[in-house]
Amino acid sequence: YHQMYPAYERAKKEIPSENLVEIRYDEVAQNPLSTVRSIYDDLGLDGFEKMRPNLESYIQSQKDYKTNRHNLPDDLKVAINTHWKDYFDNYGYPIE
């Protein structure tokens with residue numbers, strides 16, 4: 001991640017804004033259908049309505065999926081928050 005995100009931040013400056021959509025995981029997890037629709041809209045893509053039934057079917061098949069929850073020791077939380085502070089700040093994730 002320490003190589004990937006700085007490289008991404010540098011590279012995304014070269015991508016025309018109309019060709020780039022950034023989304024957060026929690027947006028997709030909470031509202032997958034509307035998030036994908038907004039991606040199609042933001043990028044000016046056709047075909048959302050055609051693929052919508054397949055996406056709805058997939059979303060329905062995943063309705064019972066639960067993300068992993070971890071109980072981390074406080075010292076590990078501090079280390080993660082310190083190590084990843086810039087990432088959390090840049091992408092709007094809370095430091096816990």
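The analysis underlying the following values was restricted to heavy atoms, covering all of them including side chains, and did not include hydrogens, waters or symmetry mates. Because the structure is a prediction, the values reported are computed rather than measured.
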Quick one: are [X] and [Y] in side-chain contact, heavy atoms under 4.5 Å?
X: Asp86; Y: Tyr91; result: no
X: Gln30; Y: Arg24; result: no
X: Tyr93; Y: Trp84; result: no
X: Val36; Y: Met51; result: yes
X: Asn19; Y: Pro16; result: yes
X: Arg69; Y: Asn71; result: no
X: Thr67; Y: Tyr25; result: yes

List the steps and the verdict of side-chain hydrogen bond (donor to acceptor under 3.5 Å, both in side chains) for Gln3 and Tyr8. CA-CA 9 Å; Gln3 292 176 349; Tyr8 169 72; over 6 Å; no
Smallest separation among heavy atoms of [X] and [Y], with atom names:
X: Ile95; Y: Asn81; result: CG2-CG, 3.1 Å
X: Ile23; Y: Ile39; result: CD1-CD1, 3.7 Å
X: Glu56; Y: Leu33; result: OE2-CD2, 3.7 Å
X: Glu27; Y: Thr35; result: O-OG1, 3.0 Å

Would you give the length of the straight line joining atom CZ of Arg37 to atom CZ of Arg52, rounded to the nearest 0.5 angstrom? 5.0 Å
Measure the spacing between CD of Glu22 and CG of Asp42 and express it to the nearest 0.5 Å. 11.5 Å
Please tell me whether [X] and [Y] are part of a single hydrophobic cluster in this structure, the criterion being side-chain heavy atoms less than 4.5 Å apart.
X: Tyr58; Y: Phe48; value: no
X: Leu45; Y: Ile15; value: no
X: Val21; Y: Leu55; value: yes

